[in-house]
Amino acid sequence: MNKTLGFLSISRLFALVLAAMLLSTPAESADEQQGASDVFSLLKEESVSTALRREQPISQAPSNVYVITAEDIRHSGAIDVPTLLRRIPGIEVMQVTGADFNVSVRGNNQLFANKLLVLVDGRSVYIDVQGFVFWKGLPITLPEIKQIEVIKGPIAALYGFNAYDGVVNIITKTPDELKGTTVQVGGGEVGTMSASAIEAGTAGPLKYRISGGYDQTHQWRNRDTLAHRSSKFNAQFEYPMPGQSNIMLSSGFVYMDPHDGPVVGVGNTILTPEVVLPYINVSYDRPDLFLRAYWNGFFAEATAIPHPLLQPFITITDRGGNSTLGFASNTYNVEGQHSISIGNVGRLTYGLNYRYNTLSCDCTSSFGREHRLGAYMQGEWAVLPSVSIVGGFRYDLHSEINPTYSPRLAVLYMPFPDHTLRAQASMGYRPPTLFETYQDVRLNPLIPNPLLPSSSIILGSRNLRPEEILSYEVGYQGWFYRHRIRVRADFFYNRTANLIGRSSTGIVTTTFNAGKTEIYGGEASIEFQASSWLTGYANYSYQHIQRNTEGLARRGAPHSKINAGLRAEWLSGISGEIAVHHVGPATYPLSDSFEFFNVSPGGHVGGYTLLNLRAGYRFWEQDAGAGQRRSAELAVSAFNIVDNHREHPLGDLIGRRVMGWLTLKF
């Protein structure tokens with residue numbers, strides 16, 4: 001009854017806001033409507049840089065690329081990047097706790113997802129030593145983001161290891177684009193708070209952007225207990241040089257205390273009371289040359305706690321019997337890339353990358369280190385005015401595994417203006433992490449049981465091979481009705497091998513290469529501009545796991561997903577957005593421990609529908625000169641207002657969250 005009343009009250013609130021939108025829109029004459037149609041009713045084609053590591057129109061990209069813009073972020077009311085990614089067909093987002101998200105592509109999602117490379121301005125924030133992304137600990141605030149470019153499918157030929165499922169590249173606004181002060185604060189249900197402050201400008205030739213942020217939310221399963229709290233600080237400085245050259249230095253950190261998760265495949269939750277993620281990044285670029293060096297740190301004091309269902313039966317410790325585990329890892333990366341034009345019909349890009357990773361942890365058998373060296377080359381060739389070919393090849397050396405070869409080939413055909421057909425094939429690899437190689441932890445029963453040993457051992461292995469994916473894809477992208485409608489369709493077939501899982505023999509559980517999978521499917525989407533004030537999108541994804549492996553490496557994914565959204569925005573400053581995400585049922589593998597102790601929740605989760613709403617009013621806007629605008633906006637957003645649900649059998653019951661927002665730009 002309370003849930004129904006809550007839904008009705010929220011529905012009335014948004015009905016009143018939408019009614020205000022309609023009443024605030026003045027009637028337009030036929031001439032005004034035609035003028036608005038000519039000026040506003042056009043979808044703009046995005047420019048992307050991730051697919052080729054240089055700027056190009058999205059229709060010419062040799063990969064399946066989707067873009068989330070700054071306006072998409074503003075209108076969504078989202079508090080994190082995974083919520084934004086739900087709108088993209090083929091992307092799988094699984095929220096497990098208030099802090100723990102898993103994101104993958106086309107049937108590869110799992111607990112502790114480790115197959116998607118995540119970048120911020122081209123710098124990896126994927127934690128190599130554990131194969132994990134702290135989605136709630138990204139070193140960026142949402143108002144700083146210019147766009148998020150998402151590539152589905154392996155692109156290891158350019159980015160090397162870990163670009164297995166694809167790449168998410170979060171691109172931030174330049175100091176010129178953010179010039180001035182931006183402040184955003186939000187708060188609401190489930191103890192949720194979000195605040196960010198950004199200052200950007202120039203000091204002579206030097207350009208700078210300084211930002212800070214604070215986020216917190218409570219647990220879904222216990223709304224009086226913190227699930228996540230983080231503080232972040234970033235500073236970026238750019239110094240332009242002659243010849244269109246630029247030097248950039250950035251540094252910052254994210255501090256999290258606590259972080260509820262991640263929930264891992266053996267069914268245990270690592271409740272992290274303290275995590276620090278610092279970084280330093282320096283780069284030099286000009287139109288044909290790019291150099292970068294960075295350091296990423298990962299330092300944590302973690303308390304190992306079994307999943308709530310298993311807490312009455314076992315504890316998790318290191319080999320010395322301690323449940324508090326210390327993590328310290330470092331990633332040092334140096335890379336360079338150079339491009340040359342070949343007449344008017346070709347371009348050659350080549351580069352070199354070196355990375356050094358270290359891991360020290362109470363939960364490993366010894367100190368771990370690895371060296372990686374990769375060289376790549378990519379060629380672009382306009383065979384005909386309507387046909388172009390992009391081919392690439394990468395060779396990677398790794399101190400723990402044999403060398404790998406990552407080829408890539410794409411053919412683009414434009415039979416008519418604004419219509420592109422694409423066919424591509426590519427390979428990618430994910431090497432075993434240092435944690436998978438050196439892991440050494442204990443599961444200890446709390447109650448003596450003649451069927452159980454005094455302690456079970458979980459060990460890594462130094463004999464692991466890298467996970468491998470071979471992907472084939474064909475796609476279409478076309479514009480209709482004078483750029484008011486864009487249609488996209490893609491079909492794929494992925495074959496994976498050497499998936500890393502676990503096998504038990506007596507009291508010892510070891511890490512090993514489990515087997516192969518075959519997944520095929522397709523996606524279709526439409527985006528449209530119905531009028532000067534109304535836009536929308538809809539997409540559908542289908543995937544089928546034709547061949548699967550066994551154990552905890554077994555793939556689990558919904559067959560079908562549907563996303564749709566409508567956005568309205570008027571010159572009066574009132575705006576609103578409705579987004580619906582329907583995800584079909586799925587079955588995921590669980591640890592045998594749940595069956596043994598007779599506490600298994602079952603591996604099946606039902607389908608669910610996620611309905612998110614946002615309404616806003618920009619009550620002040622003023623021209624500040626030099627292309628800058630001052631503004632102030634109030635907004636209210638509601639997340640998951642109709643369907644409390646679980647997204648994994650071991651996950652929390654995800655509920656409703658309503659928030660209010662204030663954004664100032666001056």
Side-chain angles (χ1 to χ4, degrees), residues 68 72-73 76-88 91-105 108-121 123-145 148-150 162-172 190 192-194 196 213-220 226-232 234 252-264 269-272 275-277 279 296 298 300 302 581 610 612 639-640 647-648 650-652 654 657:
I68 298 172
D72 294 333
I73 297 170
S76 71
I79 64 170
D80 46 57
V81 171
T83 300
L84 296 166
L85 296 176
R86 290 181 185 269
R87 63 184 287 152
I88 299 177
I91 291 288
E92 295 177 15
V93 177
M94 177 199 297
Q95 184 173 11
V96 186
T97 72
D100 184 22
F101 287 87
N102 295 283
V103 183
S104 289
V105 177
N108 255 334
N109 218 2
Q110 62 189 80
L111 294 178
F112 211 72
N114 53 21
K115 294 175 175 57
L116 185 65
L117 181 63
V118 181
L119 313 171
V120 174
D121 290 327
R123 177 183 65 86
S124 175
V125 294
Y126 177 97
I127 299 175
D128 286 349
V129 297
Q130 280 200 300
F132 183 69
V133 175
F134 280 107
W135 288 102
K136 295 290 285 185
L138 296 177
I140 202 70
T141 63
L142 291 182
E144 291 177 271
I145 299 176
I148 303 173
E149 299 180 8
V150 180
N162 307 326
Y164 184 98
D165 268 348
V167 172
V168 173
N169 189 12
I170 302 169
I171 300 172
T172 62
V190 204
T192 306
M193 294 178 60
S194 178
S196 58
Y214 175 84
D215 293 286
Q216 78 165 44
T217 188
H218 285 190
Q219 296 177 359
W220 293 111
L226 272 173
H228 174 84
R229 178 172 56 197
S230 67
S231 302
K232 61 188 69 176
N234 296 280
F253 67 88
V254 180
Y255 176 83
M256 297 187 291
D257 177 20
H259 183 86
D260 183 19
V263 177
V264 297
T269 301
I270 306 296
L271 181 63
T272 309
V275 177
V276 184
L277 302 168
Y279 76 93
N296 292 341
F298 166 42
H581 311 283
L610 189 68
N612 301 332
F639 168 83
N640 189 35
E647 299 183 9
H648 188 276
L650 300 181
D652 292 348
I654 309 299
R657 178 176 58 234

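Quick caveat: nothing in here was measured; it's all calculated off a predicted structure.
Across every non-hydrogen atom of Asn612 and Asn640, the tightest pair is OD1-N, 3.0 Å. Scanning all heavy atoms of the two residues, the minimum distance from Ala99 to Lys136 falls at O-CG, 3.2 Å. The minimum heavy-atom distance linking Ser230 with Met256 is given by the pair CB-CG, 3.7 Å. Across all non-hydrogen atoms, the minimal contact from Phe101 to Pro82 is CD2-CB, 3.4 Å. Between Pro139 and Arg123, the shortest heavy-atom contact is CG-NH2, 3.5 Å. Heavy-atom minimum distance, Leu111 versus Val264: CD1-O, 3.5 Å.
The residue from Asp80, Val103, Val125 that alone fulfils the side-chain contact (heavy atoms from CB on, under 4.5 Å) condition with Trp135 is Val103. Paired with Ile170 under the rule side-chain contact (heavy atoms from CB on, under 4.5 Å), one option of Leu84, Ile68, Val81, Val150 passes, and it is Val81. Of the candidates Asn296, Leu117, Val168, Leu117 is the only one forming a side-chain contact (heavy atoms from CB on, under 4.5 Å) with Tyr126.
In this structure, Lys232 contributes its side chain and Gly137 its backbone to no donor-acceptor pair below 3.5 Å. Formation of a donor-acceptor pair under 3.5 Å by the Thr97 side chain with backbone atoms of Asp260 is found in this model.
Rounding to the nearest 0.5 Å places OG1 of Thr217 at 11.0 Å from CE of Met193. Separation of atoms NE2 (His218) and CZ (Arg657) is listed at 12.0 Å; rounding is to 0.5 Å. Once rounded to the nearest 0.5 Å, the distance linking CG of Asn114 with CG of Asn102 reads 9.0 Å. Annotation: the span from Ile145 atom CD1 to Asp72 atom CG amounts to 11.5 Å, rounded to 0.5 Å. Note that the CG atom of Asn109 and the CG atom of Asp165 stand 8.5 Å from one another [nearest 0.5 Å]. Going from atom CG of Asn162 over to atom CG of Leu119 covers 10.5 Å, rounded to the nearest 0.5 Å.
The aromatic rings of Phe112 and Phe132 sit parallel, their planes meeting at an angle under 30°, below the 60° perpendicular limit.
Counting heavy atoms from C-beta on, the side chains of Phe639 and Ile79 never come closer than 4.5 Å.
Salt bridge Arg86/Glu647: present, at least one basic N to carboxylate O contact under 4.0 Å.
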Test Ile127 against Val133 for side-chain contact (heavy atoms from CB on, under 4.5 Å), laying out the working first.
CA-CA 6 Å; Ile127 299 175; Val133 175; over 6 Å; no
Asp121 vs Ile171, side-chain contact (heavy atoms from CB on, under 4.5 Å): CA-CA, chis, key distance, verdict:
CA-CA 5 Å; Asp121 290 327; Ile171 300 172; 4.0 Å; yes
Please step through side-chain contact (heavy atoms from CB on, under 4.5 Å) for the pair Thr83 and Gln95, ending with a clear verdict.
CA-CA 9 Å; Thr83 300; Gln95 184 173 11; 5.9 Å; no
Using the rule given for side chain to side chain donor-acceptor pair (under 3.5 Å), can you reason through Asn234 versus Tyr279, listing the C-alpha separation, both sets of side-chain angles and the distance that settles it, and then say yes or no?
CA-CA 9 Å; Asn234 296 280; Tyr279 76 93; 2.8 Å; yes
